[in-house]
Asks: 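Mind looking over this structure? Questions follow.
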There are 2 protein chains.
Amino acid sequence: MRADARRNYERLLAEAATIFAEHGVEASLEEIARRAGVANGTLYSHFPTRQALLEALLRDRMQALSDKARDLLDHPSADEALLIWARAAMAHTTVYRGLVTSLMRSIEDETSHLHAACQAVLTAGEQLLNRAQAAGGMRADVTASDLYALINSVSWVGEQTSPAQGERLLAFGIDGMRSATDSR
Amino acid sequence: MRADARRNYERLLAEAATIFAEHGVEASLEEIARRAGVANGTLYSHFPTRQALLEALLRDRMQALSDKARDLLDHPSADEALLIWARAAMAHTTVYRGLVTSLMRSIEDETSHLHAACQAVLTAGEQLLNRAQAAGGMRADVTASDLYALINSVSWVGEQTSPAQGERLLAFGIDGMRSATDSR
DNA sequence: ACCTGAACACCGTTCAAGT
DNA sequence: ACCTGAACACCGTTCAAGT
């Protein structure tokens with residue numbers, strides 16, 4: 001990669017982070033290019049779609065979330081580990097306004113640039129879920145997709161109303177996924 | 001209201017219904033005006049905002065949902081009545097793609113043209129919730145806002161992935177709101 | 001009293017022409 | 001190889017001028 005190309009790439013990423021943080025993931029791509037000091041087409045040559053830009057921006061963070069799930073497999077309580085991770089996932093999905101919608105769509109859409117990363121997160125969550133199920137804390141019929149959808153939906157609520165309302169729904173949702181024999 | 005004004009109003013509503021059904025609530029207002037055969041500004045004079053248009057379009061349906069809650073107060077099972085109503089509410093919030101986001105936002109935003117109707121729906125749900133709580137089926141700490149948020153969030157999931165996934169999350173959510181003593 | 005349609009200030013995306 | 005910037009086809013919203 002040529003030096004000027006690399007510099008443009010980095011500047012675009014940096015401006016995108018700022019502008020997405022301020023205006024959400026639907027912010028104007030034109031403004032990102034403008035603020036990065038490059039022409040319109042340069043943005044498109046580096047990032048063919050908005051999702052490609054998001055993917056580059058979130059790559060490390062999503063990897064970290066997957067890693068965190070692996071680490072939590074060593075946590076003494078399988079149930080608690082799952083809850084801790086779910087909250088971390090919530091925090092991740094709300095870094096930019098509107099991001100949660102992209103993440104939810106991308107899990108089903110294989111053509112999305114975010115699909116692989118979302119799939120990795122789902123699989124990471126699945127490990128924690130399976131462990132909690134084996135320990136008897138969670139219903140056997142709960143799927144990784146259920147968990148993924150729950151986390152994203154409560155993040156969406158948190159975004160639309162208040163983070164506290166999102167937290168409440170997460171608690172109800174997880175409780176509803178617990179085994180009947182589990183003490184509450 | 002002048003006869004031509006009335007006719008334009010009706011045509012705009014009819015076209016909006018068609019186009020929202022096809023493209024979701026973020027569809028082009030310009031296209032609605034175009035298809036209704038009126039000028040751009042005419043749409044704005046009748047409906048100052050997109051939400052005002054939505055409100056006129058949904059008024060009857062939202063009233064019917066509130067009425068349905070009242071009727072269900074006579075249902076023999078308080079728990080079952082709540083679940084039946086929640087499913088009806090889900091169906092309502094998904095008539096147009098993207099509508100659920102407007103409905104969720106409008107409950108907190110008093111300036112929204114949809115606010116009053118959303119508030120009425122929330123209150124209607126509250127009656128059913130309170131009855132289920134009095135009967136001992138639902139936790140006492142569940143609020144009408146929790147119920148409203150749950151319904152909208154699972155509708156959102158249904159829209160982003162599949163209706164079946166939305167249904168599953170509704171079941172988990174409601175279960176999580178049940179009293180611990182409730183048989184499962 | 002209501003309607004028209006141009007005007008303004010924005011978009012996303014593409015692609016020939018440059019360096 | 002990469003970048004530029006004009007071109008195209010769209011938007012939402014406002015408002016003077018008409019009838």
Side-chain angles (χ1 to χ4, degrees), chain A residues 1-57 96-99 101-102 105-106 109 111-114, chain B residues 1-57 96-99 101-102 105-106 109 111-114:
Chain A
M1 200 179 214
R2 234 164 59 180
D4 58 339
R6 160 115 287 156
R7 216 194 57 220
N8 284 339
Y9 180 92
E10 300 296 349
R11 291 186 68 176
L12 281 166
L13 269 190
E15 285 304 330
T18 305
I19 293 176
F20 284 167
E22 201 173 347
H23 302 292
V25 299
E26 300 302 334
S28 162
L29 296 180
E30 210 166 79
E31 195 187 342
I32 291 172
R34 216 155 39 219
R35 293 252 286 256
V38 302
N40 223 335
T42 303
L43 188 152
Y44 282 89
S45 82
H46 283 292
F47 308 101
T49 67
R50 191 183 291 269
Q51 305 250 326
L53 181 52
L54 269 176
E55 192 278 328
L57 215 47
Y96 304 130
R97 217 162 356 108
L99 172 61
T101 303
S102 286
R105 272 198 206 124
S106 297
D109 177 11
T111 71
S112 165
H113 281 97
L114 279 165
Chain B
M1 201 179 214
R2 233 162 61 179
D4 57 340
R6 162 115 285 158
R7 215 194 58 220
N8 284 340
Y9 180 92
E10 300 296 348
R11 292 186 67 175
L12 282 165
L13 269 190
E15 285 304 329
T18 305
I19 294 176
F20 283 166
E22 201 173 349
H23 302 291
V25 299
E26 301 300 333
S28 163
L29 296 180
E30 208 166 81
E31 196 187 340
I32 291 173
R34 216 154 42 218
R35 292 253 285 257
V38 303
N40 223 336
T42 303
L43 188 153
Y44 282 90
S45 82
H46 282 293
F47 308 102
T49 67
R50 192 182 291 270
Q51 305 250 327
L53 181 53
L54 269 176
E55 192 278 327
L57 215 47
Y96 304 130
R97 216 163 356 110
L99 172 61
T101 304
S102 286
R105 271 198 208 125
S106 297
D109 177 11
T111 71
S112 165
H113 281 96
L114 279 165

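Each chain gets a letter, A, B and so on, in the order the sequences are listed, and its residues count up from 1.
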Asks: Using the 3.5 Å cut-off, write out each protein N or O paired with an N or O of nucleotides 17-19 of chain D and the distance between them.
Replies:
none

Asks: In terms of side-chain heavy atoms of B:Ala5, which of C:dT4, D:dG5, C:dC2 is nearest?
Replies: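 Nearest listed nucleotide: C:dC2.
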Asks: D:dC11 C1' sits how many Å from B:Arg35 CZ, rounded?
Replies: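 These atoms are roughly 17 Å apart.
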Asks: Please name all residues satisfying side-chain contact (heavy atoms from CB on, under 4.5 Å) with B:Ala56, sequence neighbours left out, ordered by chain then number.
Replies: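 If we apply the side-chain contact (heavy atoms from CB on, under 4.5 Å) test to B:Ala56, skipping adjacent residues, the hits are B:Tyr9, B:Leu13, B:Phe47, B:Arg59.
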Asks: Would you please name every residue forming a side-chain contact (heavy atoms from CB on, under 4.5 Å) with A:Arg50, sequence neighbours left out?
Replies: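 So A:Arg50 forms a side-chain contact (heavy atoms from CB on, under 4.5 Å) with A:Phe20, A:Glu26, A:Leu29.
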Asks: Taking the side chain of B:Asn40 as its heavy atoms from C-beta onward, which of D:dT4, D:dC2, D:dT13 lies nearest to it?
Replies: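 Closest nucleotide to the B:Asn40 side chain: D:dT13.
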Asks: Grab the CZ-C1' distance between A:Arg34 and D:dG5 for me, whole Å please.
Replies: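 Computing the A:Arg34:CZ to D:dG5:C1' distance gives 14 Å.
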Asks: Would you say a side-chain N or O of B:Ser45 is under 4.0 Å from OP1 or OP2 of C:dC2?
Replies: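 B:Ser45 to C:dC2 OP1/OP2: no side-chain N or O under 4.0 Å.
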Asks: Under the side-chain hydrogen bond (donor to acceptor under 3.5 Å, both in side chains) test, which residues partner B:Ser106, sequence neighbours left out?
Replies: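 By the side-chain hydrogen bond (donor to acceptor under 3.5 Å, both in side chains) rule, B:Ser106 matches B:Gln51, B:Ser112.
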Asks: Given D:dT4, D:dG12, C:dT4, identify the nucleotide with an atom nearest to the side chain of B:Ala39.
Replies: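 Nearest to the side chain of B:Ala39 among the choices is C:dT4.
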Asks: Tell me the interatomic distance from B:Met1, atom CE, to C:dA1, atom C1', rounded to whole angstroms.
Replies: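 Atom-to-atom, B:Met1 to C:dA1, this comes out as 11 Å.
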Asks: If we only count heavy atoms from C-beta on, is the A:Ile32 to A:Leu53 side-chain gap below 4.5 Å?
Replies: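 Side chain of A:Ile32 against side chain of A:Leu53, heavy atoms only: contact under 4.5 Å found.
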Asks: Could I get the full list of side-chain hydrogen bond (donor to acceptor under 3.5 Å, both in side chains) partners for A:Ser28, not counting sequence neighbours?
Replies: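 Applying side-chain hydrogen bond (donor to acceptor under 3.5 Å, both in side chains) to A:Ser28 gives none.
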Asks: Quick check for you: to the nearest 0.5 Å, what is the distance between B:Leu99 atom CG and B:Leu114 atom CG?
Replies: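 It is 7.5 Å, given to the nearest 0.5 Å.
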Asks: Once Watson-Crick and G-U wobble pairs under 3.5 Å are found, how is DNA chain D written in dot-bracket notation, 5' to 3', with | for any base paired to another strand?
Replies: ||.|||||...|||||.||
Asks: Got a sec, which residues hit side-chain hydrogen bond (donor to acceptor under 3.5 Å, both in side chains) with B:His46, two or more places apart in sequence or on another chain?
Replies: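 If we apply the side-chain hydrogen bond (donor to acceptor under 3.5 Å, both in side chains) test to B:His46, skipping adjacent residues, there are no hits.
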Asks: State which residues pass side-chain contact (heavy atoms from CB on, under 4.5 Å) with B:Arg35; sequence neighbours excluded, sorted by chain then number.
Replies: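 Residues passing side-chain contact (heavy atoms from CB on, under 4.5 Å) with B:Arg35: B:Glu15, B:Thr18, B:Ile19, B:Glu22, B:Glu31.
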Asks: Please confirm whether the shortest side-chain N or O distance from A:His46 to OP1 or OP2 of D:dC3 is below 4.0 Å.
Replies: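 Indeed, a polar side-chain atom of A:His46 lies that close.
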Asks: Whole-Å distance between C:dA6 C1' and B:Tyr44 OH?
Replies: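 Answer to the nearest Å: 15 Å.
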Asks: In whole Å, what is the span from the CG atom of A:Leu43 to the P atom of C:dG12?
Replies: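 So the CG-P distance, A:Leu43 to C:dG12, works out to 9 Å.
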Asks: Only counting residues at least two apart or in another chain, list the ones meeting side-chain contact (heavy atoms from CB on, under 4.5 Å) with A:Asp4.
Replies: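 Testing A:Asp4 for side-chain contact (heavy atoms from CB on, under 4.5 Å), a comparison that skips the adjacent residues, returns A:Arg2.
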Asks: In residues 7-30 of chain A, what residues come within less than 4.0 Å of DNA chain D, judged by heavy atoms?
Replies: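 When residues 7-30 of chain A is checked for heavy atoms under 4.0 Å from DNA chain D, the hits, listed by number, are A:Asn8.
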Asks: Quick one, B:Glu30 and B:Asn40 - any side-chain contact, counting heavy atoms below 4.5 Å?
Replies: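 Counting from C-beta outward, B:Glu30 and B:Asn40 do come under 4.5 Å.
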Asks: Could you tell me how far C:dA9 sits from D:dA9 if I compare only their P atoms? Round to whole Å.
Replies: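 It comes out at 22 Å once rounded to the nearest Å.
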Asks: The criterion is side-chain hydrogen bond (donor to acceptor under 3.5 Å, both in side chains); which residues satisfy it with B:Arg11, sequence neighbours excluded?
Replies: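 With sequence neighbours excluded, B:Arg11 shows a side-chain hydrogen bond (donor to acceptor under 3.5 Å, both in side chains) to no residue whatsoever.
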Asks: With sequence neighbours left out, what residues match B:Arg7 under salt bridge (Lys or Arg N to Asp or Glu O under 4.0 Å)?
Replies: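 B:Arg7 satisfies salt bridge (Lys or Arg N to Asp or Glu O under 4.0 Å) with no other residue.
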Asks: Give the rounded distance in Å between these two atoms: CZ of B:Arg6 and P of C:dC2.
Replies: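 About 11 Å, once rounded to whole Å.
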